2 protein chains.
Amino acid sequence: MSKDQAIVASQRVADILAERILSGDLAPGARIKQDELAEELETSRIPVRDALRMLEARGLVTMRANAGARVTSLTRRDLEVSYEIRERIEPLLLADSVPHLTDEDIADLRGVMDRNEQTDDIDEAIALGREFHWITYRRHNTPLLAQIVERVWDTTQSYRRAYMKLAMGGANEGAGRTHDIEHQLLFDAIAKREVETAQAALVMHIRRTRTALVRYGHLLSGSAGEAIPFPPPVLDAVE
Amino acid sequence: MSKDQAIVASQRVADILAERILSGDLAPGARIKQDELAEELETSRIPVRDALRMLEARGLVTMRANAGARVTSLTRRDLEVSYEIRERIEPLLLADSVPHLTDEDIADLRGVMDRNEQTDDIDEAIALGREFHWITYRRHNTPLLAQIVERVWDTTQSYRRAYMKLAMGGANEGAGRTHDIEHQLLFDAIAKREVETAQAALVMHIRRTRTALVRYGHLLSGSAGEAIPFPPPVLDAVE
DNA sequence: GCAAGCCTTTATGTATACAAAGGTGAACTT
DNA sequence: AAGTTCACCTTTGTATACATAAAGGCTTGC
């Protein structure tokens with residue numbers, strides 16, 4: 001009873017699949033075959049189907065009857081809108097959480113920032129960035145809102161990674177630094193429990209990320225920007 | 001081939017179940033047994049399970065391993081937050097749609113308003129109100145955003161109905177009229193393609209609905225307002 | 001040589017059957 | 001009499017097997 005050992009197969013499959021998608025192991029648009037997964041994870045197709053549906057609920061996977069499942073892919077427009085959504089609703093979540101954050105939470109935040117300064121691995125930086133924000137949301141009392149926010153984070157994570165690898169890879173050293181400074185601003189406001197200041201810092205942070213991402217967007221993709229229904233991946237074609 | 005004849009069983013089941021939930025036939029918190037549904041709809045439990053997962057993706061159903069599925073129920077807090085979310089993201093969807101609305105769309109809007117004035121059946125008024133707003137969103141180009149908005153509408157619909165039956169039932173004749181006036185304001189702005197005015201009207205409309213709903217909230221529910229995890233329904237206990 | 005249609009192949013959708021987890025009620029103990 | 005425990009029963013989770021639809025390659029005709 002250490003934690004909650006994978007109780008049901010479908011949940012176990014869902015966890016593994018989610019990890020693969022979020023880690024970038026499976027890129028947006030990648031086809032997911034039920035048989036393959038079932039055999040690899042030594043289970044039947046039923047739990048796999050269940051898992052796919054669960055991930056569809058999280059927005060990570062898109063299914064179409066008789067046509068299989070794919071890792072959800074976004075158009076450039078969807079990606080941009082995702083950030084506009086975040087800009088508008090994450091301040092709500094933040095305000096709901098900040099007043100209840102403990103000193104220990106603040107210490108955790110500082111810890112994440114420290115770890116972030118000591119790494120230059122992009123994948124780790126992605127994970128730490130995510131951890132940072134979710135600590136700030138840790139004491140929320142609005143599961144519904146948190147669920148929506150998490151969904152947007154999930155579906156955009158692959159693109160965020162693609163962007164960062166592009167942006168960092170170039171001579172663009174300043175980008176990461178700006179990001180860190182914004183986190184610092186957010187942290188300071190949170191540490192002082194200044195909710196509105198923290199909200200403002202968060203909005204600025206998300207907005208700047210969006211504009212930066214849009215500026216790189218046309219480099220990332222071959223997409224015209226039209227809303228393409230299903231099969232064609234937009235960025236990061238898997239093959 | 002009149003429309004799209006129920007192609008796959010799971011989709012058919014999902015459609016039927018969704019209709020029952022949205023119509024109020026199944027109240028929040030109601031238990032859904034796979035066997036029952038499967039037998040009634042003359043299919044096996046597999047498509048039923050699939051359908052439940054689909055509805056979980058839409059937020060209409062909440063599942064827990066080994067404990068069954070229930071119609072999603074919201075706490076008072078969740079309900080209030082839902083409206084705060086709507087207030088912040090629906091203007092985005094509206095702005096995305098209004099510039100592309102055709103004259104025919106405008107005519108449809110007027111038609112819905114007319115039909116609404118001629119009815120005093122609450123269930124029909126609910127449906128018409130929903131139809132009205134979704135016509136204004138009809139020409140959007142952001143499926144992801146629309147999906148999130150639809151989800152919030154879906155999960156709150158039962159509560160909206162419960163509130164309206166309470167509010168209208170009383171001597172509160174003015175509530176419905178206010179609602180209609182707000183729709184009229186929104187319509188006028190849209191007809192003139194004044195996006196920002198329309199957004200302002202929409203925000204006002206949602207905000208007023210929220211405050212009205214909160215004012216009645218304590219009458220509707222026995223809930224203390226705490227976020228209750230799973231089984232206990234909050235409003236509209238089914239038995 | 002190219003295009004179109006049929007056929008094979010492959011993957012998904014569904015049914016039946018069995019295993020296992022949860023909840024409920026009754027009986028027994030304190 | 002009240003609380004607790006155990007067993008049964010209900011309901012969900014999973015595996016195997018079969019049906020069906022989509023996709024791609026082959027053939028055939030022009």
Side-chain angles (χ1 to χ4, degrees), chain A residues 1-18 26 29-57 60-72 228-233 237-239, chain B residues 1 3-18 26 29-57 60-73 228-233 237-239:
Chain A
M1 296 181 185
S2 53
K3 272 189 167 182
D4 43 3
Q5 44 195 333
I7 317 166
V8 283
S10 52
Q11 188 62 54
R12 184 176 65 94
V13 175
D15 290 344
I16 293 174
L17 240 187
L26 280 172
R31 175 85 181 268
I32 302 170
K33 294 179 188 170
Q34 301 175 2
D35 275 331
E36 273 179 22
L37 247 187
E39 188 180 11
E40 179 191 348
L41 301 181
E42 295 180 316
T43 179
S44 89
R45 271 174 47 218
I46 305 287
V48 171
R49 284 178 67 79
D50 260 19
L52 288 173
R53 294 284 186 202
M54 289 188 212
L55 295 188
E56 192 179 24
L60 282 173
V61 161
T62 307
M63 301 183 75
R64 206 180 50 171
N66 290 314
R70 288 175 182 273
V71 179
T72 299
I228 302 164
F230 191 67
V238 73
E239 60 173 317
Chain B
M1 291 178 190
K3 273 190 164 182
D4 44 4
Q5 44 194 335
I7 318 165
V8 283
S10 51
Q11 188 62 53
R12 184 177 65 94
V13 175
D15 289 345
I16 293 174
L17 241 188
L26 281 171
R31 174 86 180 269
I32 302 170
K33 294 179 189 169
Q34 302 176 2
D35 274 331
E36 272 179 24
L37 248 188
E39 187 180 11
E40 179 191 347
L41 302 181
E42 295 179 317
T43 180
S44 88
R45 272 173 48 218
I46 304 286
V48 171
R49 285 177 66 78
D50 261 19
L52 289 173
R53 294 284 186 202
M54 291 186 210
L55 296 188
E56 192 179 25
L60 283 173
V61 160
T62 307
M63 301 183 75
R64 206 181 49 171
N66 289 313
R70 287 173 182 276
V71 179
T72 299
S73 66
I228 301 165
F230 191 67
V238 73
E239 59 172 318

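As the structure is a prediction and not an experimental result, all values here were calculated from the model. Sequence lines set the chain letters: A, B, ... in the order given, protein chains first and strands last, and positions in each chain run from 1.
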B:Gln34 CD to C:dT16 P, in whole Å, measures 16 Å

To the nearest angstrom, the CD1-C1' distance between A:Ile32 and C:dT12 comes to 14 Å

> Quick one: is A:Arg49 getting a side-chain N or O under 4.0 Å of the C:dT12 phosphate, OP1 or OP2?
Replying inline: no

Original post:
Is the shortest heavy-atom distance from the side chain of A:Met54 to the side chain of A:Gln11 under 4.5 Å?
Top reply: yes

Note to self: Less than 4.0 angstrom between a side-chain N/O of B:Arg31 and OP1 or OP2 of D:dT12, yes or no?
What the structure shows: yes

(request) Considering just the side-chain nitrogens and oxygens of A:Thr43, establish if one lies under 4.0 Å of OP1 or OP2 belonging to D:dA15. (result) yes

note: B:Lys33, atom NZ; C:dG22, atom C1'; distance rounded to Å ~ 13 Å

Any donor-acceptor pair under 3.5 Å between the side chain of B:Arg64 and the base of C:dG22?
no

To the nearest angstrom, the CZ-C1' distance between B:Arg70 and D:dT11 comes to 13 Å

From CZ of B:Arg45 across to P of D:dG13 the rounded distance in Å is 8 Å

Practice problem: Give one of base, sugar-phosphate or nothing for B:Leu52, where a contact means two heavy atoms less than 4.0 Å apart. | Solution: nothing

A:Leu41 side chain reached by A:Val48 side chain, heavy atoms, under 4.5 Å:
no

Is the backbone of B:Ala38 close enough, under 3.5 Å, to the side chain of B:Thr43 for a donor and an acceptor to pair up by distance? no

| task | Kindly check if the number of other-residue, nucleotide or ligand heavy atoms within 6.0 Å of CD (B:Glu40) is above 12? | result | yes

Taken to the nearest whole Å, CZ/B:Arg53 to P/D:dT12 is 12 Å

Could you check if a side-chain atom of A:Glu56 sits within less than 4.5 angstrom of a side-chain atom of B:Arg53, using non-hydrogen atoms only? no

*How is B:Asn66 classified with respect to the nucleic acid when contacts are heavy atoms under 4.0 Å: base, sugar-phosphate, or nothing?*
sugar-phosphate

When rounded to whole Å, the CE to P distance for the pair A:Met63 and C:dT12 reads 8 Å

Closest of C:dA11, C:dA15, D:dT11 to the B:Ile46 side chain is C:dA15

Please tell me if B:Gln11 has a side-chain N or O lying less than 4.0 Å from either OP1 or OP2 of C:dG13. no

A:Asp35 CG to D:dC18 C1', in whole Å, measures 14 Å

